[in-house]
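Below, chains carry the letters A, B, ... as their sequence lines are ordered, and counting in each starts from 1. What you see is a predicted model, and the numbers here were worked out from it, not measured in a lab.
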Amino acid sequence: MTLALPTTPVKADDTRQPHAVLEFIRQQPLGAISFVIIFIMMFAGVFSNLVSPYDPLAIDFASILSAPSIDHWCGTDAYGRDICSRLIYGSRTALVIGFTSSFVGSTLGAILGIASAYFGGRIDNIIQRFVDILLAFPLIVLALVVVASFGRTKLGGIDVNLILAIAIPIIPRVTRVVRAAALSVRVMPYVDAARAAGYSHSRIIFRHMAPNVVAPYLIMLTAFIAQAILAEASLSFLGLGVTEPTAAWGLMLSGNAADFYREAPWMILFPGVAISLAVFAFNLFGDSLRDFLDPRFKV
Amino acid sequence: MRGRPSLRLEIKETMLRYTINRVLLMIPTLIGVAVLVFFFLRIVPGDIVEVKLRGDGGTVSQATIEMERKRLGLDRPLITQFGEWMVGMATLDLGKSMWTERPVMQEIAGRLELSLQVAIMATIIAVLIAIPLGTMAALYRDSWIDYLMRIITIGGLSIPSFWLGMLIMLGLLSAFNWLPPISYTPIYVDPVANLTQLIWPALAVGYRYCAVAARMIRSSLLEVLNEDYIRTARAKGVFEKLVITRHALRNALLPAITVIGLEFTFLIGGLVVTEQVFNLNGIGMLFVQSVSRNDFTLIQGMVMLIAAFYVFVNLAVDLLYAVFDPRIRYD
């Protein structure tokens with residue numbers, strides 16, 4: 001008598017729990033669509049030199065202000081530069097600055113938020129007063145104050161001051177939310193256990209508390225990429241962000257673009273669509289991520 | 001409760017104590033803002049004198065620069081400068097602009113009228129659209145109205161107000177071959193000219209505001225509609241219209257008031273960029289100018305004004321809450 005053994009082991013996990021990504025697509029179709037937009041943007045940003053039909057900086061006086069055509073899908077600007085290529089390179093600028101500043105701001109904010117909740121008492125008080133002060137400014141106003149302070153310093157071709165200018169206003173907003181989340185983690189028995197076991201503060205903060213506030217952190221990170229892209233575009237539009245001749249969406253709308261409302265409306269239409277689409281995608285993705293990871297959590 | 005005057009008096013007293021407390025708490029926040037802005041602007045070397053004298057690429061001797069610095073008082077120790085500024089502020093004197101050398105107060109006052117009018121118009125437009133929009137979306141949840149609202153509000157959160165402003169200009173130009181005038185006419189001089197000029201920037205900055213408010217109204221109304229007292233009202237046969245206006249909306253608008261109040265301060269952020277599009281010489285334009293000129297005193301003055309405004313609105317919202325919702329107690 002033989003016992004029929006299954007030749008291949010059954011993967012119980014696979015059948016019971018579908019993959020997290022698939023589950024996300026099923027539950028949040030809009031989030032999946034927005035991720036596709038983000039992915040296309042990232043692709044265009046990383047492979048700008050392969051994807052774009054022209055050099056974004058190449059001046060071509062033969063085709064100044066030409067309307068969208070097969071040669072120039074989105075037309076050309078006042079210097080004959082191909083707008084489509086500039087949009088593609090612009091996505092690199094937007095993503096680099098948007099992601100770095102949101103990452104820096106959210107991470108610093110999360111650390112402050114956890115520390116505030118963990119230590120409580122006087123440290124919590126000091127951090128919260130500091131947060132109150134920073135929250136008294138609209139994001140763009142605080143960013144402008146930072147720009148005024150740091151001037152224009154570039155490090156390795158990246159506008160460090162611009163990244164700081166956008167990251168600093170993000171810090172207090174993230175601190176608030178992460179602190180609230182961390183407060184509920186702090187009273188968990190495992191944190192008490194860790195403290196009773198004599199672990200150091202930094203170990204408890206980074207190994208025990210931080211992993212449990214990852215959900216709000218990720219949600220804030222994504223949501224603030226949208227805000228950061230918007231802030232970068234606004235600052236560049238005001239002439240206080242990315243400088244010419246770098247391709248940046250906000251910059252494409254500033255300066256003489258407004259002189260050509262009549263002659264070349266495409267100069268105004270396409271960069272604005274790019275900014276809106278990017279901000280829209282990150283906003284929507286952040287929302288879906290929130291609903292997926294933690295339905296009770298509200299930013 | 002109505003029959004016990006002592007209790008009402010008690011509430012009034014705690015309310016008064018709470019108000020005084022809150023007003024006193026504003027002072028440390030504002031001092032914090034002052035310290036932060038003052039020293040933050042001066043962390044990195046570089047000031048207005050360089051922009052002023054070397055801005056056009058001309059060669060200016062170091063001695064001239066030092067002289068100008070001395071004249072503006074920038075050579076003195078930071079603490080002295082800070083102390084002087086704080087003392088001035090206590091008497092509502094914000095100093096002089098380092099660029100135009102006119103008093104900061106005067107510079108701001110000259111442009112406040114325009115920006116304030118745009119901000120108020122934007123608020124009125126936003127609230128007038130947001131209340132019906134948010135209410136309808138909540139009442140007909142998951143219907144086409146709700147989806148339409150979602151699209152409209154997500155657009156409001158994603159479309160930058162300055163681009164919307166440019167689109168409005170583009171639309172006006174192609175439809176009427178007309179652009180709003182650049183020179184500002186006060187409303188008491190010529191209301192028609194004033195409104196045809198300022199309605200467009202108000203629309204551009206109001207859109208985002210409307211989106212935020214409508215979302216807030218929808219979600220808080222949905223929450224309220226699940227409450228027991230709504231079911232009770234319906235069960236006892238109150239007309240549906242009355243249930244919505246008297247019972248639901250009245251309670252749902254409370255959280256919306258907070259958002260509307262706080263967002264009002266944040267309109268200034270939208271104005272900073274949008275005034276540039278419409279070439280309006282308001283607070284936002286002044287702020288951008290003073291930042292690009294490194295005009296420290298003017299930047300400081302405006303930041304203090306914005307922060308003070310924010311703190312006041314915050315307080316007003318909290319107090320309004322108590323007036324609208326007697327259930328809230330303060331201690």
Rounded to the nearest 0.5 Å, what's the gap from [atom1] on [X] to [atom2] on [Y]? Could you check?
X: B:Thr29; Y: A:Phe130; atom1: OG1; atom2: CZ; result: 13.0 Å
X: B:Ile151; Y: A:Phe280; atom1: CD1; atom2: CZ; result: 8.5 Å
X: B:Met166; Y: A:Ser254; atom1: CE; atom2: OG; result: 8.0 Å

Side chains of [X] and [Y] in contact at under 4.5 Å (non-hydrogen atoms):
X: A:Leu238; Y: B:Phe162; value: no
X: B:Leu167; Y: A:Leu269; value: yes
X: B:Ile306; Y: A:Pro138; value: yes

In terms of heavy-atom pairs under 4.5 Å with chain A, which of [options] leads?
options: B:Leu157, B:Leu173, B:Leu164, B:Asp295; answer: B:Leu173
options: B:Asn314, B:Val311, B:Val303; answer: B:Val303
options: B:Val288, B:Val37, B:Leu30, B:Leu267; answer: B:Val288

Is there a donor-acceptor contact under 3.5 Å from the side chain of B:Trp163 to the main chain of A:Ile268? yes
For [X], which atoms come within 4.5 Å of any heavy atom of chain B: side chain, backbone, both, or neither?
X: A:Leu284; result: side chain
X: A:Ile168; result: side chain
X: A:Ala226; result: neither

Does A:Phe39 have more than 12 heavy atoms from other residues, nucleotides or ligands lying within 6.0 Å of its CZ?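 Counting other residues, nucleotides and ligands, CZ of A:Phe39 stays at 12 neighbours or fewer.
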Over 12 non-hydrogen atoms of neighbours within 6.0 angstrom of CH2 in B:Trp178: yes
Quick one: what part of [X] sits under 4.5 Å from any heavy atom of chain A, side chain, backbone, both or neither?
X: B:Ile159; answer: both
X: B:Asn177; answer: side chain
X: B:Met169; answer: side chain
X: B:Ile299; answer: side chain
X: B:Phe40; answer: both

Most heavy-atom pairs under 4.5 angstrom with chain B, which of [options]?
options: A:Leu139, A:Val141, A:Ile140; value: A:Val141
options: A:Leu142, A:Val273, A:Leu277; value: A:Val273
options: A:Asp132, A:Leu230, A:Asn283, A:Leu144; value: A:Leu144

Please give me the minimum heavy-atom distance between B:Pro160 and A:Ile275, naming the atom from each residue.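 Heavy atoms only, the tightest pair is CG-CG2, 3.7 Å.
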Closest non-hydrogen atom pair between B:Arg215 and A:Asp287, with its separation: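 Between these two residues, the closest heavy atoms are NH2-OD2, 3.3 Å.
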